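Each chain gets a letter, A, B and so on, in the order the sequences are listed, and its residues count up from 1. Quantities reported herein were computed from a predicted structural model and do not represent experimental measurements.
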Amino acid sequence: MTEPSKITSQNVPDHQPAAGGIAARARASVGPKYLSGLNPEQREAVETLDGPVLVLAGAGTGKTRVLTTRIAHILSQGRARPAEILSVTFTNKAAREMKHRLGQMLGHAVEGMPWLGTFHSIGGRILRFHAELAQLKSNFTVLDVDDQVRLLKQLLQAENIDDKRWPARMLAGLIDGWKNRGLMPSQVPSGEAAVFANGKGGKLYASYQERLKILNAADFGDLLLENIRIFREHPDILRQYQQRFKYILVDEYQDTNVAQYLWLRLLSQAPSQPALPVAAAPDAIDDPSRDAALAAQALAPAAARLKNICCVGDDDQSIYGWRGAEVDNILRFEHDFPGAKVIRLERNYRSTGHILAAASHLIAHNEGRLGKTLRTEDQDGEKVTVTGSWDSEEEARGIGEEIEQLQRQGEKLNEIAILVRASYQMREFEDRFVTLGLPYRVIGGPRFYERAEIRDALAYLRVINSPADDLAFERIVNTPKRGLGDATVQMLHDHARKRRIPLFEAARAVVETDELKPKARGSLRDLVAQFDRWRAQREVTAHTDLAQIVLDESGYTEMWQKDRSADAAGRLENLKELVRSMEEFENLQGFLEHISLVMDREGGAEDDAVSLMTLHSAKGLEFDNVFLPGWEEGLFPSQRTLDEQGRAGLEEERRLGHVGLTRARRRAKIYFATNRRIHGTWSTTIPSRFLDELPAANVEITESKGGSAWGGTGGYGASRFDDMEAFGSSYSTPGWQRAQANRNRGGGRSGGGRGGFEEEATTFSTSSSSGPDFGSFSSRRRGPLTIEGELVAKSTGTTSEFSLEDRVFHQKFGYGRVTKIDGNKLTIAFDKAGEKKVVDSFVQRA
DNA sequence: TCGAGGTCTCTTTTT
DNA sequence: GAGACCTCGA
């Protein structure tokens, strides 16, 4: 961690050449080694060092390379020292990648890039230096969503608000949204504040902020919002940072929200400016639009001198609108930063011709774009494939087989990725891969520190570090069980509130009284004594040892050792990993500061394994082979996005598809299933409209390879596409056309009022009572099954046609005997393959 | 106070 | 189908 004093220290290097001097230009024209290999646009983006620059970098055009080379260029030209460059990314992954590449380019110089990180980690860092200006101590805790929700729940209870009707999670979302837009409680438009709990929303936001201060805690949004407040209220501090950061680089600019925009905007003004007039924000803004919000934020006039800010982004890859990102920020860059130079990178170095054409064609359906035309000099390669499957299980099976085939052809599993829209899609693949023995890793997923055992362990450490952290104390006061239940905690709360002290101090006081039953009193006293001891030990014990001691002495480790459940061993392993990971930090404080912001799960990258992740977390990655399952209406594009965001949501979904396709270097394989299990029940789905938007010339329809389980040659997949030779602007099977017709008629039928497709997926879903009997179903098995609802029902509620002990045959597992029936799911003891659970439609009577 | 067992809801994406 | 939440009996 850099010391606070370093912020103002300005040890300017003594060899700083004049900006743009002849010598510098001469050097540049010959070009240092790191510039070689850049194309002209990239080179321009690297070498245009003065003034605002917007680099519109399409997928695979060398965005990260430009950013890192630009930093290298600034450093080697002596324009700034490493600590004078502010370089922000959105994800830790991106920050790490940049550090890594810089390290390769520059050797040891990365050590000194203290201001390369995510918006939140840098905001958090700045906030720690000035914590007292936000009524916090520098060891404040960063709350995650879980803590946030628990805290809000308490507030709702205190206000006697029914948290069934007004869920804490919803309020958390609202507050987060306000913070993303840079709004303090007093600035929330009154109309918006009123939507929650009959007008209490604004008040709750205010009291939530108050509680945070008392708890010595900040949430993610605060990390930037408090920065902005401090910058506004203390122009001298702002000026320090403006002076310090000679160059600002922003990655993924299209994903910035209003708060991030304001933050950047403040920092990017030239330091010589006299202190900005700090306009008092009005108490309420009635128009929630961006312009009004920004106007009320009293931005410096557009003519303010701006310094060297370089934003890199791609409007076609803006996929975080739901999180408050404003594509508008990038669309308006030239307006916001007058005199900005805009450089387009359109030469794609990643994908083959067909893939790029498919992606470009798809994204061309969006209206709000700056417009770029990606081109490649690569060969056309293989066409993008579209494969229909009967259901999501067949889809997983088919993909599994294709992967095995690729593996046989010598493809590395590391070069294979499956990108899903929603994380619940992953399970089916995991199940399949476990069956196949195919190594895979899930990227993203629940973060390491979000696991219960990690959060528990952290809670112990948080209480040691920050005794006012009531949320942490509450979490572990009865974990492991100490006989301190709700009643005791409630009592502590009353005490704490009355005397305005933290829960921990309340506990200390209460054990001196006889308000508690002897048993509870005894264990609470022990707990308080333990924490006192651990805090004392902290001074003399290494933090990793301390953590181990705490886990052991508290009985937490023992709790899991005694646990007989299957995942207990894994949890103990995670705890060990946690202690190990602490070694990277100097002390407990430093560890806790970073854990919530910087720690994400890595590991296993050396092993050859298939990557499984959401489309969102795939951004910035690339693979030779990309599988894109689940291209169905409702799932992708997501119904919820459509409902909530309408047309803008649809465009964002389309961008997500564009992101997915452009991850692929050589093969992109799209899938859709006709039936998908959602919440445990089967629903019928129709293919995604995005499939229609792919250019016929670059796409090939293939047959599902997993369809063999249907018996008969060719299986279902072949028949599905029998009539599809002419793949054009629409499919030609009767079912597809019917679906299209259904989609198009009845606009305005639903409350959403946007087109008629909103209810499509549910319209087709089959209730258990209307399911066909399997006799008629199997008789149709070879016919051209369509996607009409009445033909495809296969719901869990249907009683199976099989009986216990029936002898059955399964295409893949061979012969077996039914041992258990649960709806349409059979447990079958196969003669060769052992016991498996299968859906009854996949087996036949032997 | 605790655990078992039942009911209910919810499922997008993440710093 | 899982996980959160609630109720009830010990």
Within the structure, does a side-chain N or O atom of A/T614 lie under 4.0 Å from either OP1 or OP2 of B/dT14? yes
Regarding the side chain of A/R421, the nearest nucleotide among B/dT15, B/dT12, B/dT14 is B/dT12
Checking B/dT14, B/dT15, C/dA2 against the side chain of A/H616 (C-beta onward), the nearest is B/dT14
Roughly, in whole Å, what's the span from CE in A/M613 to P in B/dT14? 11 Å
Give the rounded distance in Å between these two atoms: CD of A/E252 and P of B/dT14. 14 Å
Report, one pair per line, the protein and nucleotides 1-6 of chain B atoms (nitrogen or oxygen only) whose separation is under 3.5 Å.
unit_1	atom_1	unit_2	atom_2	d
B/dT1	OP1	A/T488	OG1	3.0
B/dT1	OP2	A/A487	N	3.2
B/dC2	OP1	A/G483	N	3.0
B/dC2	OP2	A/N478	ND2	3.0

Please determine whether a side-chain nitrogen or oxygen atom of A/K619 lies at a distance below 4.0 Å from atom OP1 or OP2 of B/dT15. no
Would A/Y253 and A/N329 count as a side chain to side chain donor-acceptor pair (under 3.5 Å) here? Give the steps. CA-CA 8 Å; A/Y253 187 66; A/N329 285 346; 5.1 Å; no
Hey, could you give me the NZ/CD distance between A/K63 and A/Q317, rounded to the nearest 0.5 Å? 7.0 Å
Which one of A/R475, A/R462, A/R455 satisfies the salt bridge (charged side-chain N to carboxylate O under 4.0 Å, His left out) criterion with A/D144? A/R455
Answer yes or no for A/R323 and A/Y320: cation-pi contact, defined as NZ/CZ to six-membered ring centre under 6.0 Å and angle to ring axis within 45°. yes
Verify the ring-centre separation between A/F90 and A/H120: is it less than 6.0 angstrom? no
A/Q254 CD to B/dT14 P, straight-line distance once rounded to whole Å: 16 Å
Between the base of B/dT12 and the side chain of A/T641, is there any donor-acceptor pair under 3.5 Å? yes
To the nearest Å, give me how far apart CH2 (A/W322) and P (B/dT12) are. 11 Å
May I ask you to check if A/R125 and A/W115 form a cation-pi contact, with NZ or CZ under 6.0 angstrom from the six-membered ring centre and within 45° of the axis? yes
Just to verify, what does A/F636 make a ring-ring contact (aromatic ring centres under 6.0 Å, His included) with, not counting sequence neighbours? A/W631, A/F690
Contact class for A/F119 vs. all strands (heavy atom < 4.0 Å): base, sugar-phosphate, or nothing? nothing
CD of A/E653 versus C1' of B/dT12: gap in Å, rounded? 8 Å
Could you state the CD-P distance from A/E393 to C/dG1, rounded to the nearest angstrom? 10 Å
Spacing of A/L419 atom CG relative to B/dT12 atom P, expressed in whole Å: 19 Å
Rounded to the Å, how far apart are A/F220 CZ and B/dT15 C1'? 5 Å
